[in-house]
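Here is the structure we will look at.
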Amino acid sequence: MSLHVKIILIVLAVVGLYAAFDYASQYFLVLPSFVALEHNEARSTMRHCIGALRREISNLDQFTKNRAASDETYRFVKDQNSDYSSTNLGVESLMKNNLNLIYICDITGKVVWGEIRDLETNETIQLDELPAGPWPQTHPLLGHKTIQSSTTGIFLTQRGPMLIASRPIITSRNEGPIRGTFITGRFLNNSALAAVAAQVPVDLKVWTIADGSVPAKERDVLNHIKKAESQFYICKSRDKLLHVYTLFPDIQRVPALLMRADIHRDTRTKGIAWLIRSNLLSNLTAGLSVMLVLLLLLRGTVVAPIQKLTSHVIAVGKNKDMSARLSMQRSDEIGTLAQEFNRMVERLTQARKKLLEQSHSLGKAEMASRVLGETRKRAAELEEAYRKLGNVNQELKDFAYIVSHDLKAPLRGIKTLADWILSDCADKLGDQANEQMNLLLERVERMYHLIEGALQYSRAGRSEEKRTQVNLNNFLPEIISMVVPPENITVTIENELPVIECEEVHIMQVFQNLLSNAIKYMDKPQGWIKVGCVEQDGFWKFSVADNGPGIEEKHFEKIFKIFQALPTSPDFEGTGIGLTVAKKIVELYDGKIWVESKVGEGSTFFFTLPMQEVGAKDAKLEANITC
Amino acid sequence: MRSSKPILLVEDDDVDVMTVQRAIKDLKITNQLVNTANGEEALEYLKDENNKKPCFILLDLNMPKMNGTEFLKIVKADEALKKIPVIVLTTSGAEQDIVESFRLGAAGYMVKSIDYKKFVETIMAIDLCLSSSELSD
């Protein structure tokens, strides 16, 4: 069950509980009070009934008093005149005053006048309680001792209860002596009762207790009242009536009547029920709205964030997307949870990264060790090759040495001997032989120089010196002085020369050869040679320019080939290897050499040397090979 | 040079020997030229008491059996012999040989030139040099 549903259920339960509690409280607290109220009202109503009844009795008493305290009545007791009786005591009188009984007794108890009539049937009624003969002195209605004395109340007769009033007969001036008793009475029949009830108004029922007319149901009530010692007894009837019972005493203060007032509870009940229900409804509404508000608040505060968090967690778990972060700006527990989760994911990511890195570096380390192994193997192979190269180099050197020595020696012999022959036997040989000998000598010399040149060429660039930083600004003047330029040739350095890293011998040979060539071939009386250097595309471009005879374009390539020398003046020996050696050396440094020339004007020889990485690369190579 | 003392030439190439001989003749140097073809023979000669010690030795570096450098070492190690100036004859002019010779105590060196005239000039220079700084026996 989701959190949302749980919360809804909880809230519903709470609301239900509240409703139930409210209802219960209503029922057990409000209702009883209401019931109590009702009862109070019932009692009050009954009191009104009692009051009404008493009023009736009181009215009767007043009437009786008026009749009793009158001179006519006072005289009538004595003389029993018919005027009075006809005026006041006849049926008409009874009916007019709504009386069932008028009795006048004298002091002795003798009935002076007595009449009991049923007003509806107009019959005369005989009551044992109120006999026609003389009444005993102990009769409750008699025995007025004082003028104000009165006996009023309910009088039980064999025909049912009666409202009775008994007053002493006295003069109009309320003076005694009392001559008799004036008694009036009214049957408490239905109409009388109705009259009483109408005053309240209420439905009233009365039973005489003594005569057993009390129905069974009501008899229990009697006992209740007697036991509880309360004036009233209230109970509900099935037909939405509230019965209020009470006892009404007779003139002798003995409970004579059981009175029951029936109070309709309809509106009341309905009213209460409606009240409770409406209360309940309003409570429920309030509760529901509270629940709604609560739900919304909870959803906003708790459920939605938790749902968000849950879905985020699930997403992270499913997609393995560790980069997602929950952005929850809250300071409560949910916010903490989100933050901690983020941190946890972060830590996981980091750990994973570290693991990956470690495995990478492990892999790298493996690779590295493999590479290292390979490198060592290669290095070993290189060392071997290098060693072999060194051997070959040495062999070449030896070869060159041997060649130079062993070839030159017999050559020298030939030359010397030919020389001596020529000088010793010049006169004996004749012109032809002389010339031939000269040619022989020239050829020998040429061969000597060729061997020398070949040796030089093979040696060129293969010196074993270390590369150093050569400041050409200092070095070039030295080279110039070495080639000994004649007086008619000026050699100038055009601009600042760089410091290059190379073997001194190499750069010396290059410049030496170029300069000596320029000097050698100079055909102008006033010659100049200009040495310059420019930077171009990561190279130093050196130039040696002269105003010599120039070179034909078709020879541009040829002159760099070995033993290709152009005709020179006989003073200098041209072996034809100067430019070849220069080219070899320049190309050793990954440079280029070429010539630009105009016949008759001069030539400019260019050569390039790469700029300084050379040294660094070499140093690195050296360093790595030794490992 | 004192004409009494011979010049010892340690040289195996016969044309080179002839060259020296001819040069000395051209220069009118009267000293006797003793030639040994190799280092061993030269040492024998030097060791031989009967022979006069030469006033200087012309030593060819490239020789069979014992090359010039070895001979030079031995001679300069020998108390009796080391005073004799040794001029080294070399074909190549390669620095190594010359430096090594000087290190071992050679008095000078000479490149065997293809030009005979130059050779004669060099001999003359040596002669002049050694005459002026001749050591007594």
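Within every chain, numbering begins at 1; the chains are lettered A, B, ... in the order of the sequence lines, protein sequences first and strands thereafter. All values below come from the heavy atoms of this structure, side chains included, with hydrogens, waters and symmetry mates left out.
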Please say whether more than 12 non-hydrogen atoms of neighbouring residues, nucleotides or ligands are located less than 6.0 Å from [atom1] in [X].
| X | atom1 | answer |
| --- | --- | --- |
| Phe102(B) | CZ | yes |
| Glu587(A) | CD | yes |
| Gln432(A) | CD | no |
| Asp431(A) | CG | no |
| Met508(A) | CE | yes |
| Gln469(A) | CD | yes |

Separation of [Y] [atom2] from [X] [atom1] (nearest 0.5 Å):
| X | Y | atom1 | atom2 | result |
| --- | --- | --- | --- | --- |
| Arg412(A) | Tyr116(B) | CZ | OH | 14.0 Å |
| Met18(B) | Leu417(A) | CE | CG | 5.0 Å |
| Ser423(A) | Lys117(B) | OG | NZ | 8.0 Å |

Problem set entry | Minimal non-hydrogen separation, Lys112(B) against Tyr448(A), with atom names |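 That would be O-OH, 3.9 Å.
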
Exercise. Gly413(A) and Val15(B): which non-hydrogen atoms are nearest, and at how many Å?
Worked result: CA-CG1, 3.2 Å

Problem set entry | Pairs of heavy atoms under 4.5 Å with chain B: top-ranked of Asp419(A), Thr416(A), Val444(A) |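 Among Asp419(A), Thr416(A), Val444(A), the one with the most close pairs to chain B is Thr416(A).
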
For this session: Sort Asp16(B) into side chain, backbone, both or neither according to what part of it lies under 4.5 angstrom from a heavy atom of chain A.
Result: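 The answer is the side chain of Asp16(B).
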
